[in-house]
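Atom set for the values below is all heavy atoms of this structure, side chains included, hydrogens, waters and symmetry mates excluded. If you're wondering where the values come from, they're calculated on a predicted model, not measured in any experiment.
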Protein chains: 2
Amino acid sequence: MHNSEAMALSAALLAVAGELTQRINAGVVARGFEGVRPAHGFAFTRLAPDGATVTELAVHLGVTKQAASQLVDDLVRKGFAERRPHPVDARARLVVLTERGWACTRAAEEVAGEVVQEWVGVIGEGEVRALRDRLGRIAPYGPIRPAW
Amino acid sequence: MHNSEAMALSAALLAVAGELTQRINAGVVARGFEGVRPAHGFAFTRLAPDGATVTELAVHLGVTKQAASQLVDDLVRKGFAERRPHPVDARARLVVLTERGWACTRAAEEVAGEVVQEWVGVIGEGEVRALRDRLGRIAPYGPIRPAW
DNA sequence: TCGAATGGTCAAGCTGCTTGACTACCTTTG
DNA sequence: CAAAGGTAGTCAAGCAGCTTGACCATTCGA
């Protein structure tokens with residue numbers, strides 16, 4: 001496979017990813033969740049199941065724990081999350097989503113569903129599923145790096 | 001198609017895109033091009049064929065022309081690009097890549113080729129080509145938005 | 001030809017991230 | 001079971017990249 005093909009794939013991948021991020025963020029904001037940034041969405045995916053500590057969040061986002069702590073400050077100030085005492089470790093604090101945080105997460109899922117539905121309209125449902133499967137197989141396990 | 005599937009696709013897509021960006025940048029830096037940021041690569045893709053004006057670059061990157069101008073300052077200072085008088089518009093200046101800028105572009109293509117080759121090893125060449133074709137069909141035409 | 005639009009830069013300010021230093025708590029080890 | 005080192009989190013200061021606002025030079029359009 002030639003480098004030019006690799007670049008075409010890379011360009012398409014990054015363009016689609018950039019637009020998806022843009023669309024999800026715009027859609028969530030349009031649904032009344034003002035002041036949300038894309039980075040918040042990446043944090044939500046880590047906080048969603050059962051909450052997480054600041055350090056865990058920092059690893060997930062690939063930033064320092066200070067940056068993660070500031071992001072949590074922001075989420076708390078905007079009513080999307082709250083800090084609770086950690087059940088087993090008195091040093092740590094468990095960051096969990098508030099009801100508003102869950103509502104924002106659901107809104108993001110809705111918007112993502114809409115965008116993917118557009119793709120279904122273009123290349124068909126089978127191809128979109130194939131896309132999901134292929135990407136799922138080459139996706140890395142490590143931290144999500146939302147910024148470049 | 002359910003929202004949960006759309007989210008799985010979105011997560012995989014963003015994870016792959018994030019890792020690709022990370023890998024390309026790290027690889028280019030490892031080949032001796034110090035101080036390059038991912039945003040520089042996105043600028044290169046617009047400057048590569050025949051150069052571009054600052055305003056064109058700003059549209060391509062989805063930022064203000066002031067930000068694009070500062071980025072060009074950075075590229076010039078690091079020896080990747082230079083400003084030339086515009087052939088037909090005395091207001092404008094044409095930003096073109098230097099030889100070092102072209103070398104950096106070629107290095108990025110090499111690294112992208114290596115990463116894509118890894119994907120070929122995981123899902124096979126046919127699947128990677130299919131990935132490129134499907135992504136190419138749903139990729140937007142507008143500006144690349146490298147930041148989220 | 002003259003007013004409006006465009007290309008570019010300078011300057012100031014903000015935001016999100018980093019490094020460094022510190023406290024509180026946990027865990028390991030003799 | 002006490003001391004030493006490691007870990008969770010925050011505070012503080014600094015920096016890099018972006019934004020808005022103002023401005024000049026040049027081009028376009030009525």
Side-chain angles (χ1 to χ4, degrees), chain A residues 18 21-22 25 29 34-44 46-47 50-78 80-96 143-148, chain B residues 18 21-22 25 29 34-44 46-47 50-78 80-96 143-148:
Chain A
T21 303
Q22 197 77 10
N25 192 247
V29 169
E34 295 179 12
V36 211
R37 290 183 296 122
H40 293 156
F42 291 96
F44 284 1
R46 184 64 181 81
L47 300 176
D50 303 297
T53 66
V54 165
T55 298
E56 288 167 346
L57 192 57
V59 171
H60 178 74
L61 296 176
V63 298
T64 61
K65 56 185 183 177
Q66 292 93 324
S69 185
Q70 290 173 6
L71 192 141
V72 170
D73 285 343
D74 197 27
L75 290 178
V76 169
R77 192 177 337 110
K78 288 170 179 164
F80 294 111
E82 59 186 12
R83 292 183 219 251
R84 308 185 140 230
H86 195 283
V88 298
D89 190 336
R91 294 171 303 177
R93 310 175 73 177
L94 196 62
V95 181
V96 296
I144 292 184
R145 305 203 157 269
W148 57 55
Chain B
T21 303
Q22 197 77 11
N25 192 247
V29 170
E34 295 179 12
V36 284
R37 290 182 295 122
H40 293 157
F42 290 98
F44 285 1
R46 184 65 182 79
L47 300 178
D50 304 297
T53 67
V54 165
T55 298
E56 289 167 346
L57 191 57
V59 170
H60 178 73
L61 296 176
V63 298
T64 61
K65 55 185 183 178
Q66 291 92 326
S69 185
Q70 290 173 6
L71 191 141
V72 170
D73 285 343
D74 197 26
L75 291 179
V76 170
R77 193 179 335 111
K78 288 170 178 163
F80 294 111
E82 59 186 11
R83 293 183 220 249
R84 309 185 142 230
H86 195 282
V88 298
D89 190 335
R91 295 171 302 179
R93 311 175 71 176
L94 195 61
V95 182
V96 296
I144 292 184
R145 307 203 156 270
W148 58 54

Between R37(B) and dG17(D), is there a side-chain N or O to OP1/OP2 distance below 4.0 Å? yes

Does a side-chain N or O of T55(B) approach OP1 or OP2 of dT6(C) to a distance below 4.0 Å, or not? no

Report the distance from atom CZ of R84(A) to atom P of dG9(D), rounded to the nearest whole Å. 16 Å

Validation row: R83(A), V54(A) side chains within 4.5 angstrom (heavy atoms): yes

To 10°, what angle do the rotation axes through the five end pairs on each side of the helix from dT1(C)-dA30(D) to dG30(C)-dC1(D) form? 30°

Could you pull out the closest heavy-atom pair between V96(B) and R84(B), with the gap in Å? CG2-CD, 3.6 Å

May I have the distance from L94(A) (atom CG) to dT7(D) (atom P), rounded to whole angstrom? 20 Å

Phosphate OP1/OP2 of dG8(C) contacted by T53(B) side-chain N/O (<4.0 Å): yes

For H60(B) and dG7(C), what is the distance between atoms NE2 and P respectively, to the nearest whole Å? 17 Å

Rounded to the nearest 0.5 Å, what separation is found between the CG atom of D89(B) and the OG1 atom of T53(B)? 9.0 Å

Nearest to side-chain heavy atoms of R93(A), which nucleotide of dT18(C), dT10(D), dG8(C): dT10(D)

With the side chain counted from C-beta on, respond yes when H40(A) and D74(A) share a heavy-atom pair under 4.5 Å apart, and no when they do not. yes

Which heavy-atom pair separates T21(B) from P38(B) by the least distance, and what is that distance? CG2-CB, 3.7 Å

Can you check whether L57(A) reaches V72(A) side chain to side chain, under 4.5 Å on heavy atoms? yes

Hey, can you pull the residues of residues 66-75 of chain A with a non-hydrogen atom under 4.0 angstrom from DNA chain D? Q66(A), S69(A)

Is there side-chain contact between V59(B) and R46(B), with at least one heavy-atom pair below 4.5 Å? no

Scanning both residues in full, the closest heavy-atom pair of L71(B) with A39(B) reads CD1-CB, 4.1 Å

Where protein sits on nucleotides 25-30 of chain D, one letter per nucleotide: B base, S sugar-phosphate only, - none, heavy atoms under 4.0 Å: BBS---

Do the side chains of V95(B) and E56(B) get nearer than 4.5 Å, heavy atoms only? no

Close side-chain approach of R93(B) to S69(B), heavy-atom, < 4.5 Å: no

Protein-nucleotide distance (R83(A), atom CZ; dA24(C), atom P), rounded to Å: 18 Å

Side chains of L47(A) and L75(A): does their closest heavy-atom pair fall under 4.5 Å? yes

Which nucleotide in dT10(D), dG8(C), dA8(D) has an atom nearest any side-chain atom of K65(B): dG8(C)

